[in-house]
Each structure stands twice: as structure tokens, then as C-alpha cells.
Number of protein chains: 2
Amino acid sequence: MKMQNFKYEGSGLNRFFGPLEAKIMEILWNNAEEMTIKDVQQKLDKEAKANNFNTVMTVMNRLVDKGVLQKKAVARSSQYKPVVTREAFMETQSKELTLDLIEEFGSLAVTHMVDALDKVDPGLLDQLEQKIKEMKKDR
Amino acid sequence: MKMQNFKYEGSGLNRFFGPLEAKIMEILWNNAEEMTIKDVQQKLDKEAKANNFNTVMTVMNRLVDKGVLQKKAVARSSQYKPVVTREAFMETQSKELTLDLIEEFGSLAVTHMVDALDKVDPGLLDQLEQKIKEMKKDR
DNA sequence: CGACTCCTACTACAATTTGTAGTGTAAGGA
DNA sequence: TCCTTACACTACAAATTGTAGTAGGAGTCG
């Protein structure tokens with residue numbers, strides 16, 4: 001399950017998926033249980049306008065092809081669920097992106113980090129400072 | 001000039017552009033002067049296999065549409081040059097991405113930053129520590 | 001058993017992005 | 001006037017994402 005892009009537009013799952021894909025993943029991840037296409041379709045319908053069953057199926061099966069969803073064939077209707085938890089997914093993306101960012105921009109990124117952290121949540125600055133200390137201590 | 005994606009694959013300009021677009025931007029940014037399509041095409045030909053003039057033109061004009069290149073109509077052949085310097089471009093992307101990363105992942109990103117910095121270049125850790133101190137002092 | 005419902009597979013189309021390239025036109029020089 | 005050449009316009013292909021029709025098969029109900 002290799003993501004292609006991190007999108008500048010949107011937020012949350014929309015950074016990684018198309019709009020419909022994101023909504024579907026959202027639903028799957030919000031449900032502890034495995035779900036059928038119908039389940040997902042009905043949840044979608046509650047939120048927005050009616051979605052064609054086949055549309056939902058196609059997108060879900062594409063997500064299976066991409067390795068994001070797992071499909072278990074059951075008698076009447078197949079069960080789908082994410083391959084990894086949302087937390088694990090975000091963890092992976094965060095790690096990958098952070099590494100890429102630093103590889104790509106090096107000290108340029110460092111400069112912006114401090115500003116960005118301060119802007120988003122100054123508490124994160126202390127957290128970061130703490131992490132650095134720990135890292136250095138371990139050597 | 002709003003970029004769409006940061007690609008996980010590739011490196012450098014390939015993170016932001018298609019392969020040919022990236023090569024073209026590379027050439028434009030490496031040349032202090034404005035260049036014609038022909039200039040760019042010939043540079044490309046030196047590096048790789050022959051490129052059709054029209055192909056280069058189409059891609060360059062698309063880059064103009066995207067606001068990445070500027071086109072100045074001259075008598076016989078138009079002059080093209082990047083709207084911003086490579087440094088300014090990288091600066092903008094770095095800033096944008098860092099902010100997005102932190103908005104999206106918050107403290108998750110903080111954790112990975114330290115590891116990533118240590119992995120790529122431990123010297124960056126000191127730099128970061130320094131920056132944090134400065135930021136805090138100013139308050 | 002036969003008819004019906006409903007899930008699934010297969011297929012197809014549209015828009016967008018990126019690479020590729022042909023054709024036609026117009027402008028400038030010989 | 002004719003020719004070269006740059007440019008505009010147009011088109012097509014592959015990939016990505018959203019959308020949806022059709023057909024077949026499997027279970028259900030009478």
C-alpha cells in the first residue's frame with residue numbers, strides 16, 4: 001500500500017485519497033466492524049446525496065487493488081475492512097512525509113518547522129525540545 | 001502558481017513536476033538568462049534522446065498556464081523564464097509543506113522529525129534546538 | 001421447481017494530468 | 001515572391017478518479 005501523493009489541497013484523508021475514496025475510508029475506519037458495500041453505501045447516502053451501488057463497489061474494489069482495503073468473500077455479500085488502522089496509516093504517512101521533507105529540504109525545513117509549530121500549537125515546541133534532549137542523551 | 005501535489009516518488013523537482021516538466025524547469029533554472037523553446041530543446045537533446053520541438057513547446061506553455069514560467073513575446077521567438085527563482089520556489093514549497101505536515105499530523109510529526117533529522121543529518125538537530133531557543137527567547 | 005431479488009463482475013465513459021507529436025498559419029528574411 | 005521557422009491549434013495515449021449500465025449467478029419466496 002504505497003501512497004503516491006500528498007496533496008496540498010484539502011485536509012485529513014483528502015490529502016491522500018480522492019474525495020469519494022476519502023469518504024469511504026472515513027466510514028470504514030469509523031466502523032470497528034467489517035462492512036459490506038451496501039453498509040458503506042447507506043452510510044454515504046445518509047451524509048450526502050444518493051450514491052450508486054456500483055460506483056461505491058468500483059471504488060472500494062480499487063482500494064482493494066491498491067492494498068488499502070481487504071476483501072473477504074462471504075456467502076451473500078463480501079466483507080471489507082482497512083488493511084491497517086487509521087492510526088497506523090497516519091503514522092506511516094507522517095513518518096514517510098517527514099523523512100521526505102527533510103531529505104528534500106534539509107535545513108530549509110528546519111527553519112520552517114519552528115515557525116509552523118509555533119503557529120499551529122506552541123506546546124509542540126516544548127515537546128520537540130524535549131524529544132531532542134532525549135535523542136541526544138541516548139548517545 | 002499553486003502546486004498540487006508533493007510526490008512520494010522521485011527527488012528534487014520531480015517531487016512537484018512531471019519528468020519532462022522537471023527537466024525543463026531544471027534547465028531554465030540553471031540558465032541565468034531567458035531562453036527560447038529552441039534553447040531548451042537543444043539542452044534537452046544534449047542530455048537525453050531527441051525531443052520534438054512541439055512537445056517541448058506544449059509543456060513549456062502549460063508551465064506558463066500554471067504560472068510557473070513567464071513568456072515574453074519577442075519578434076521571432078519568445079523568451080521564457082521562471083516566475084520565481086529556484087531558491088524562492090523551494091522556500092515556498094518547504095514552508096507550505098512543513099505547515100501542512102504539522103497541521104495534519106501535529107505531535108505525530110514532531111516525533112518523526114527528530115528521528116528523521118537524526119537520520120539525515122544529526123547536525124540539523126543542533127540547528128533546530130538553537131532555533132527553538134531563539135523563538136522562545138523572543139517572547 | 002420457477003420467478004424474483006440482489007450481489008458481483010465486467011465493461012465503459014468522462015474529466016484531468018502529463019507526454020507526445022502532426023498540421024496549418026503567419027511572420028520575417030532572402 | 002518564396003521559403004524557413006516559430007507558434008497556435010488540435011489530437012491522442014496512459015493513468016487516475018468518479019460514475020454507472022449490463023449481465024450473470026446465487027439465494028429466496030411462492
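Protein chains get the first letters and strands the later ones, always in sequence-line order, with residue 1 at the start of each.
Summarising the geometry, the separation between CZ on B:F53 and P on C:dG19 is reported as 18 Å, rounded to the nearest angstrom. Here C:dG19 presents its C1' atom at 16 Å from CG of B:D65, a figure rounded to the nearest Å. D:dA15 atom C1' lies 16 Å from atom CE of A:M3, rounded to whole Å. Atoms CE (B:M60) and C1' (D:dC9) sit 18 Å apart, rounded to a whole Å. Rounded to an integer number of Å, the gap from CE of B:M57 to C1' of D:dT10 is 11 Å. When the P atom of D:dG18 is taken as reference, atom CG of A:L63 falls 9 Å away, rounded to whole Å. A:Q4 places its CD atom 8 Å from the P atom of D:dT17, with the value rounded to the nearest Å. To the nearest angstrom, P of D:dT17 lies 14 Å from CZ of A:F16.
Contact annotation: A:N61 side-chain N/O to C:dT8 OP1/OP2 distance is not under 4.0 Å. Note on A:K23: every side-chain N or O is 4.0 Å or more away from OP1 and OP2 of D:dT17. For A:K66 and D:dA15, the shortest distance from a side-chain N or O to OP1 or OP2 is not below 4.0 Å. Dashed line: the shortest gap from a side-chain N or O of A:K38 to OP1 or OP2 of C:dC6 is not under 4.0 Å. Contact between the side-chain N/O atoms of B:K7 and the OP1/OP2 oxygens of D:dT16 is not found at any separation under 4.0 Å. Contact between the side-chain N/O atoms of B:S78 and the OP1/OP2 oxygens of D:dC7 is found at a separation under 4.0 Å.
No side-chain donor from either of B:K7 and B:N14 sits under 3.5 Å from a side-chain acceptor of the other. A donor-acceptor pair shorter than 3.5 Å cannot be found between the side chains of A:T58 and A:N61. Side-chain N/O atoms of B:E96 and A:H112 include no donor and acceptor closer than 3.5 Å.
The base of D:dG18 sits with one of its N or O atoms less than 3.5 Å from a complementary donor or acceptor on the side chain of A:R62. In the interface, the side chain of A:N54 is paired with the base of D:dT22 through a donor and an acceptor atom under 3.5 Å apart.
Remark: side-chain polar atoms of B:E104 are paired, donor with acceptor, to backbone N or O of A:G12 under 3.5 angstrom.
Ranked by how close their nearest DNA chain C nucleotide is to the 5' end, A:V74 and A:T58 are led by A:V74. Nearest-nucleotide assignment on DNA chain D puts the 5′-proximal partner with A:L20, out of A:R76 and A:L20.
A:T55 comes within 4.0 angstrom of a nucleotide base, judged by non-hydrogen atoms across all strands. Note on A:E21: only backbone sugar-phosphate atoms sit closer than 4.0 angstrom, heavy atoms only; bases stay farther off. In this structure, A:F17 reaches neither bases nor backbone, as no heavy-atom distance under 4.0 Å exists between it and the strands shown.
For B:F16, the ring pair (Phe, Tyr, Trp, His ring centres under 6.0 Å) test picks out B:F6, B:F89, with sequence neighbours left out.
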